[in-house]
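Just the heavy atoms: all of them, side chains too, but no hydrogens, waters or symmetry mates, feed the values below.
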Amino acid sequence: MVKRLQAAYVAQSTGSATRAVARDGEARLMFDASALTKRYASEAGRDRVLMLFEAASELLVAAHCKTEVASALLRRRRDGSLPAPEFDRALAAAQRDVADMTLVPLDSHVERFAFAAMEQGPLRGMDALHVGSALASRVDLFVTADRRQAQVARGMGLATELIES
């Protein structure tokens, strides 16, 4: 597990990855909605997301992540980039996956960290809640496809990987 995990964290030539140190050989990864959506839609960064999924010993998501993923998939269905049958398959897969992940509840700790994240840099509330959830749950790696969110997360000391689009 540790060698597979180390291989998953090797910084890519873009320098977008941050090496994470797993505690006791375990790797707890949190995906925000922008990164998690890549698992269900054929787009740039999908292979990296799939690799990280396989390397994790525990997958975590913020309490609002399922709603954000559904919103992103619906947006793709409406704009025609995700046909209805593919949308149905993707949404069902996302719901199954999230049901198997550790859900980080929205509580006062998450809110305090989210507020600190918004003070660190210009984040929207939902993005700050992802960062706050990652900080509160002490994940080994936070995965996002949002450059601004990655910058703030790193500034707050989170090992972070930016999935390039």
Side-chain angles (χ1 to χ4, degrees), residues 1 4-5 7-10 12 14 16-18 20 22 26-107 109-111 113-114 117 123-150 152-153 158-165:
M1 168 62 106
R4 185 175 74 185
L5 185 60
Y9 291 142
V10 171
Q12 298 171 349
T14 61
S16 63
T18 300
E26 298 291 309
R28 300 174 70 241
L29 276 64
M30 175 174 279
F31 288 81
D32 83 328
S34 67
L36 187 57
T37 300
K38 291 181 178 300
R39 179 170 168 84
Y40 312 106
S42 225
E43 59 185 58
R46 183 172 192 266
D47 290 340
R48 184 66 179 157
V49 167
L50 294 174
M51 181 189 307
L52 289 168
F53 247 72
E54 291 302 315
S57 61
E58 182 180 5
L59 295 165
L60 296 91
V61 290
H64 67 290
C65 190
K66 186 167 102 174
T67 301
E68 277 199 299
V69 169
S71 174
L73 293 173
L74 280 166
R75 201 169 35 255
R76 286 170 175 81
R77 185 183 76 182
R78 279 192 295 275
D79 73 15
S81 64
L82 188 62
E86 278 300 301
F87 166 79
D88 293 339
R89 179 205 55 79
L91 185 60
Q95 290 172 336
R96 280 191 308 273
D97 285 350
V98 170
D100 289 337
M101 295 178 187
T102 301
L103 187 71
V104 179
L106 178 56
D107 63 14
H109 291 97
V110 169
E111 286 181 326
F113 282 126
L123 290 181
R124 293 174 298 203
M126 295 296 188
D127 292 339
L129 287 171
H130 283 294
V131 174
S133 295
L135 287 164
S137 58
R138 301 175 57 192
V139 296
D140 297 307
L141 184 68
F142 176 64
V143 184
T144 181
D146 182 312
R147 186 172 303 281
R148 184 180 296 161
Q149 190 180 47
V152 168
L158 270 174
T160 301
E161 179 161 336
L162 174 63
I163 304 293
E164 297 288 343
S165 295

For atom [atom1] of [X], is the number of surrounding heavy atoms from other residues, nucleotides or ligands below 6.0 Å larger than 12?
{"X": "H64", "atom1": "NE2", "result": "yes"}
{"X": "R148", "atom1": "CZ", "result": "no"}
{"X": "M101", "atom1": "CE", "result": "yes"}

Exercise for the section: Using a 4.5 Å cut-off on heavy atoms from C-beta on, say whether the side chain of L123 contacts that of V131. Expected result: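 The answer is yes; the side chains approach within 4.5 Å.
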
Exercise for the section: Could you tell me whether the side chain of L36 reaches within less than 4.5 Å of the side chain of V98, counting heavy atoms only? Expected result: yes

Problem - Candidate pair E161 and L141, rule side chain to side chain contact (heavy atoms under 4.5 Å, CB included), full reasoning - result: CA-CA 7 Å; E161 179 161 336; L141 184 68; 4.3 Å; yes

Exercise for the section: Examine R39 relative to F53 and say whether NZ or CZ is less than 6.0 Å from the centre of the six-membered ring and inside a 45° cone about the ring axis. Expected result: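 Yes - R39 lies over the ring of F53, closer than 6.0 Å to its centre and within 45° of its axis.
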
Problem - Expected output: side-chain T160 to main-chain L158 donor-acceptor under 3.5 Å - result: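 Such a contact is found between T160 side chain and L158 backbone.
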
Exercise for the section: Using modelled atom types only, decide if a donor and an acceptor are shared between the side chain of S71 and the backbone of T67 within a distance under 3.5 Å. Expected result: no

With [X] via side chain to side chain donor-acceptor pair (under 3.5 Å) - residues at least two apart:
{"X": "D146", "value": "none"}
{"X": "E58", "value": "R28, T102"}
{"X": "R76", "value": "E43"}
{"X": "T37", "value": "none"}

Can you tell me how far the [atom1] atom of [X] sits from the [atom2] atom of [Y], to the nearest 0.5 Å?
{"X": "L162", "Y": "Q149", "atom1": "CG", "atom2": "CD", "answer": "9.5 Å"}
{"X": "L91", "Y": "K66", "atom1": "CG", "atom2": "NZ", "answer": "9.0 Å"}
{"X": "L82", "Y": "R89", "atom1": "CG", "atom2": "CZ", "answer": "7.5 Å"}
{"X": "D32", "Y": "L129", "atom1": "CG", "atom2": "CG", "answer": "12.0 Å"}
{"X": "R46", "Y": "Y40", "atom1": "CZ", "atom2": "OH", "answer": "9.5 Å"}

Practice task
May I ask you to say whether R147 pairs ionically with E164, meaning some side-chain N is under 4.0 Å from a carboxylate O?
Solution key: yes

Handout entry: Sequence-distant partners of F142, ring-ring contact (aromatic ring centres under 6.0 Å, His included), two or more places apart
Key =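 F142 satisfies ring-ring contact (aromatic ring centres under 6.0 Å, His included) with no other residue.
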
Practice task
For F113, enumerate each residue passing the side chain to side chain contact (heavy atoms under 4.5 Å, CB included) test, keeping only those at least two apart in sequence or located in another chain.
Solution key: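 With sequence neighbours excluded, F113 shows a side chain to side chain contact (heavy atoms under 4.5 Å, CB included) to L135, A136, given in chain and number order.
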
Considering all heavy atoms of both residues, which atom of [X] and which atom of [Y] are nearest to each other, and what is their separation?
{"X": "A35", "Y": "T144", "result": "CB-CA, 3.8 Å"}
{"X": "S133", "Y": "S137", "result": "O-OG, 2.7 Å"}
{"X": "D140", "Y": "A159", "result": "O-CB, 3.3 Å"}
{"X": "S34", "Y": "A145", "result": "OG-N, 2.9 Å"}
{"X": "E68", "Y": "H130", "result": "OE1-NE2, 2.5 Å"}
{"X": "L103", "Y": "A62", "result": "CD1-O, 3.7 Å"}

Practice task
Kindly determine whether L29 and L52 satisfy side chain to side chain contact (heavy atoms under 4.5 Å, CB included), including the steps that lead there.
Solution key: CA-CA 8 Å; L29 276 64; L52 289 168; 3.9 Å; yes

